[in-house]
Amino acid sequence: MQNIIIFGAPGSGKGTYSDEIVARYDMGHISTGDVLRSEIKQGTELGKIAKGYIDNGQLIPDNLMIDILAKTYDAQPAGRGVIFDGFPRTIAQAEALKQMLAERHHNMGVMVELIVDEETLMARLLNRAKEQGRADDNEETIKKRFAVYHSQTEPLAKWFEAEGMRHTFTWEGSKEQMLSKIFNFLDTLK
Ligand code: AP5
Ligand code: MG
């Protein structure tokens, strides 16, 4: 399978569908949010910097994020596609990803965009707060994450469209339905 960029608002299912896609197509999975949470847990310098941004619902600065992405990508086993989950989130990150992959003679692949209404997103994240206790899953921070998504990340969808990579999937109330639409599309790719 080629590379996949999974794109969507907080709680849209990037992580959930990535796990299903990884299982079906045997791919690598890079979640920049998971990478940062692991750094925080280990108490690294990067983790200390990242915590301030994450707890406040803000994005980590592009230069830091681009550096982490390249290191994480190069640590993946060669020869199979990777799902990028939560990256890129700004135009600068998208341009950097394009350049990084071109330098390695790899393709960007396809972008899978998840569209879910905000009421459903909020309900999912508040529910996850009860189950997992992620530090940024509280109503105040979730609202900031939505605002950051609208102002800094959503405009990127047009960037992907211009690259001919954008494929949009809209939530209609059932996870199985969403998944089967995504799989039907991915099955047409190599
Ligand atoms: P990140 O970890 O990427 O968080 P996010 O974008 O806010 O998205 P989530 O992980 O909350 O949601 P998701 O779309 O993965 O949905 P999930 O599958 O979990 O980033 C966190 C922070 O790190 C950022 O705010 C930023 O500070 C920093 N960061 C990360 N990347 C960065 C970057 N590139 N640049 C700068 N900063 C960066 O689903 C949500 C819940 O819904 C789950 O509990 C799931 O089980 C549930 N659920 C219920 N029904 C469904 C259904 N039908 N489909 C899918 N999920 C469902
Ligand atoms: Mg996630």
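As the structure lists them, so they are numbered: ligands from 1, and atoms in each ligand from 1. If you read the sequence from its start, that first residue is 1, and numbering goes on from there.
Under 4.0 Å is where a charged nitrogen must lie from a carboxylate oxygen, and between Arg128 and Asp137 at least one such pair does. Between Glu163 and Lys98 there is a salt bridge, with a side-chain nitrogen of the basic residue lying less than 4.0 Å from a carboxylate oxygen of the acidic one. A salt bridge does not link Lys158 with Glu161: every distance from a Lys NZ or Arg NE/NH1/NH2 to an Asp or Glu carboxylate oxygen is 4.0 Å or more. Between Arg104 and Asp74 there is a salt bridge, since at least one side-chain N of the basic residue sits less than 4.0 Å from a carboxylate O of the acidic one. Ion pairing of Glu39 with Lys51 is absent here, as no side-chain N (NZ or NE/NH1/NH2) approaches a carboxylate O to less than 4.0 Å. A salt bridge links Glu20 to Lys175: at least one charged side-chain nitrogen sits closer than 4.0 Å to a carboxylate oxygen. Ion pairing of Asp62 with Arg89 is absent here, as no side-chain N (NZ or NE/NH1/NH2) approaches a carboxylate O to less than 4.0 Å.
The shortest N or O to N or O distance between Asp85 and ligand 1 is not below 3.5 Å. Residue Phe87 has no N or O atom closer than 3.5 Å to an N or O atom of ligand 1. The distance criterion of under 3.5 Å between nitrogen or oxygen atoms is not met by Pro10 with respect to ligand 1. The shortest N/O to N/O separation between Lys14 and ligand 1 falls below 3.5 Å. Of the polar atoms of Arg145, at least one N or O is found under 3.5 Å from an N or O of ligand 1, judged by distance alone. The shortest N/O to N/O separation between Leu59 and ligand 1 does not fall below 3.5 Å. Remark: ligand 1 and Tyr17 share an N or O pair separated by less than 3.5 Å (distance only, no angle test). Looking at Gly11 next to ligand 1, an N or O pair under 3.5 Å apart turns up. Looking at ligand 1, you won't find any N or O of Asp136 less than 3.5 Å from one of its N or O atoms. Taking distance alone, with nitrogen or oxygen atoms compared against 3.5 Å, Ser31 stays at or beyond that limit from ligand 1.
Because its NZ or CZ atom is both nearer than 6.0 Å to the ring centre of Trp171 and within 45° of the ring axis, Arg124 counts as a cation-pi partner of that residue.
Protein heavy atom in closest approach to atom 6 (O) of ligand 1: Arg89 NH2, 2.5 Å. Atom 39 (O) of ligand 1 has as its closest protein heavy atom Thr16 OG1, 3.6 Å. Atom 52 (C) of ligand 1 has Arg124 NH2, 3.4 Å as its closest protein atom, hydrogens excluded (heavy atom only). Regarding atom 22 (C) of ligand 1, its nearest protein heavy-atom neighbour is Ile54 CG1, 4.0 Å. When only non-hydrogen protein atoms are considered, atom 43 (C) of ligand 1 lies nearest to Arg128 CD, 4.0 Å. The nearest protein atom to atom 36 (C) of ligand 1, hydrogens excluded, is given as Ile60 N, 3.3 Å; this is a heavy-atom distance. At the top of the distance list for atom 29 (N) of ligand 1, counting protein heavy atoms only, stands Leu36 CD1, 3.6 Å. Summary of contacts: the protein heavy atom closest to atom 16 (O) of ligand 1 is Gly13 N, 3.1 Å.
Within 6.0 Å of atom CD in Glu119, 12 or fewer heavy atoms from other residues, nucleotides or ligands are found, so the atom counts as exposed in its surroundings. A 6.0 Å sphere centred on CG of Asn107 holds no more than 12 heavy atoms belonging to other residues, nucleotides or ligands.
Of the candidates Gln58, Arg37, Glu131, it is Gln58 that places a heavy atom closest to atom 26 (C) of ligand 1.
A donor-acceptor pair under 3.5 Å is absent between the side-chain atoms of Asp26 and the main chain of Ala23, judged by distance alone. Distance alone, capped at 3.5 Å, is enough to place a donor-acceptor pair between the Lys14 side chain and the Gly8 backbone. A donor-acceptor contact shorter than 3.5 Å is absent between the side chain of Arg80 and the backbone of Pro77.
In Asp34, neither the side chain nor the backbone holds a heavy atom less than 4.0 Å from any atom of ligand 1. By the criterion of a heavy-atom distance under 4.0 Å, the side chain of Leu125, and not its backbone, is placed next to ligand 1. For Tyr149, no heavy-atom contact with ligand 1 is shorter than 4.0 Å. When heavy-atom distances to ligand 1 are checked against a 4.0 Å cut-off, Ala9 comes that close only through its backbone atoms N, CA, C and O. Counting heavy atoms under 4.0 Å from ligand 1, residue Met178 does not touch it at all.
Checked against the 6.0 Å centroid threshold, Phe169 and Tyr17 do not count as a close aromatic pair.
Each of the atoms 33 (C), 34 (N), 35 (N), 36 (C) of ligand 1 lies under 4.0 Å from some heavy atom of Gln93. When each atom of ligand 1 is checked for a heavy atom of Lys175 under 4.0 Å away, the hits are 53 (N). Heavy-atom contacts of Gly15 reach the following atoms of ligand 1: 13 (P), 15 (O), 18 (O) (cutoff under 4.0 Å). Annotation for ligand 1: atoms under 4.0 Å from non-hydrogen atoms of Trp171 are 53 (N). The Thr32 neighbourhood of ligand 1 comprises atoms 30 (C), 31 (N), 32 (C), 34 (N), with distances under 4.0 Å to a heavy atom of that residue. Atoms of ligand 1 found under 4.0 Å from any heavy atom of Met65 (numbered from 1 in listed order, with element): 32 (C), 33 (C), 34 (N), 35 (N), 36 (C).
Ligand 1 has Ser12 within reach: a non-hydrogen atom of the residue lies less than 4.0 Å from it. Put simply, part of Arg134 is less than 4.0 Å from ligand 1, judged by heavy atoms.
The NZ atom of Lys41 sits 11.0 Å away from the CG atom of Asp34 when rounded to the nearest 0.5 Å.
When only modelled atom types and interatomic distance are considered, Thr90 and Gln152 share no side-chain donor-acceptor pair under 3.5 Å.
Taking 4.5 Å as the limit, some side-chain heavy atom of Glu118 sits within range of a side-chain heavy atom of Phe146. Between Val112 and Thr168 the shortest side-chain heavy-atom distance does not fall below 4.5 Å.
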